[in-house]
Amino acid sequence: MNEPILKAVAMPPKLFWAPLAPAILNLAIQFAAVFIFLAAYQLNPLWIVCTSILPSHLILIALGAKEPHLSNMMKSQGPFIKTYHSIYPQRGKKLAP
């Protein structure tokens, strides 16, 4: 029995051939670093692109070729830190009933 394969599952979103979420995170960090280096050292932005942004994006492309659902794996990790605030004074992190 043939079942249709959804495009979102078969072809996860990509940004310049790299998985979407890691590529956006990488570019956000790299562009912030570019502006910091430009302000601090007055370097040519092309040097920063060639030495930092391009190699890291190529690494992401290689990782995305190995595991195409890398974005979904990052999303499945959940929020960074869960904090619980108890309404009853007690020791430890426990939820109120």
Side-chain angles (χ1 to χ4, degrees):
M1 176 175 175
N2 292 335
E3 294 183 18
I5 298 174
L6 300 175
K7 185 178 180 183
V9 174
M11 300 285 283
K14 295 188 178 287
L15 178 67
F16 302 119
W17 305 284
L20 185 65
I24 290 174
L25 182 66
N26 175 45
L27 289 176
I29 292 170
Q30 295 289 338
F31 283 141
V34 165
F35 290 126
I36 291 170
F37 278 111
L38 285 176
Y41 303 113
Q42 286 94 27
L43 293 175
N44 185 355
L46 189 59
W47 287 106
I48 299 171
V49 168
C50 292
T51 59
S52 179
I53 296 174
L54 190 61
S56 62
H57 196 74
L58 289 173
I59 291 170
L60 283 177
I61 291 171
L63 291 174
K66 182 178 178 184
E67 179 58 58
H69 295 283
L70 194 58
S71 296
N72 293 334
M73 291 170 60
M74 285 179 63
K75 290 180 207 172
S76 69
Q77 296 299 318
F80 292 111
I81 298 173
K82 289 184 179 181
T83 58
Y84 299 106
H85 299 284
S86 179
I87 59 174
Y88 302 114
Q90 60 189 6
R91 299 185 78 185
K93 295 180 181 178
K94 298 179 182 176
L95 293 174

Side chains of residues 39-55: which donor-acceptor pairs under 3.5 Å do they make with residues two or more places apart or in other chains?
unit_1, atom_1, unit_2, atom_2, d
N44, OD1, L46, N, 3.2
T51, OG1, W47, O, 2.7
S52, OG, Q30, OE1, 2.4

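- In the hydrophobic clustering of ILVMFWY residues, with side-chain heavy atoms under 4.5 Å counting as a link, L25 and V34 come out apart.
- I24 and M74 end up in different hydrophobic clusters when Ile, Leu, Val, Met, Phe, Trp and Tyr side chains are linked at under 4.5 Å.
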Listing, residues 15-23 side-chain donor-acceptor contacts under 3.5 Å, not counting sequence neighbours, or none:
none

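- I36 and L38 fall into different hydrophobic clusters, where Ile, Leu, Val, Met, Phe, Trp and Tyr residues are linked whenever their side-chain heavy atoms come under 4.5 Å apart, directly or through other members.
- Under a hydrophobic-cluster definition in which Ile, Leu, Val, Met, Phe, Trp and Tyr are linked whenever side-chain heavy atoms come within less than 4.5 Å, directly or via other members, L27 and F37 are assigned to the same cluster.
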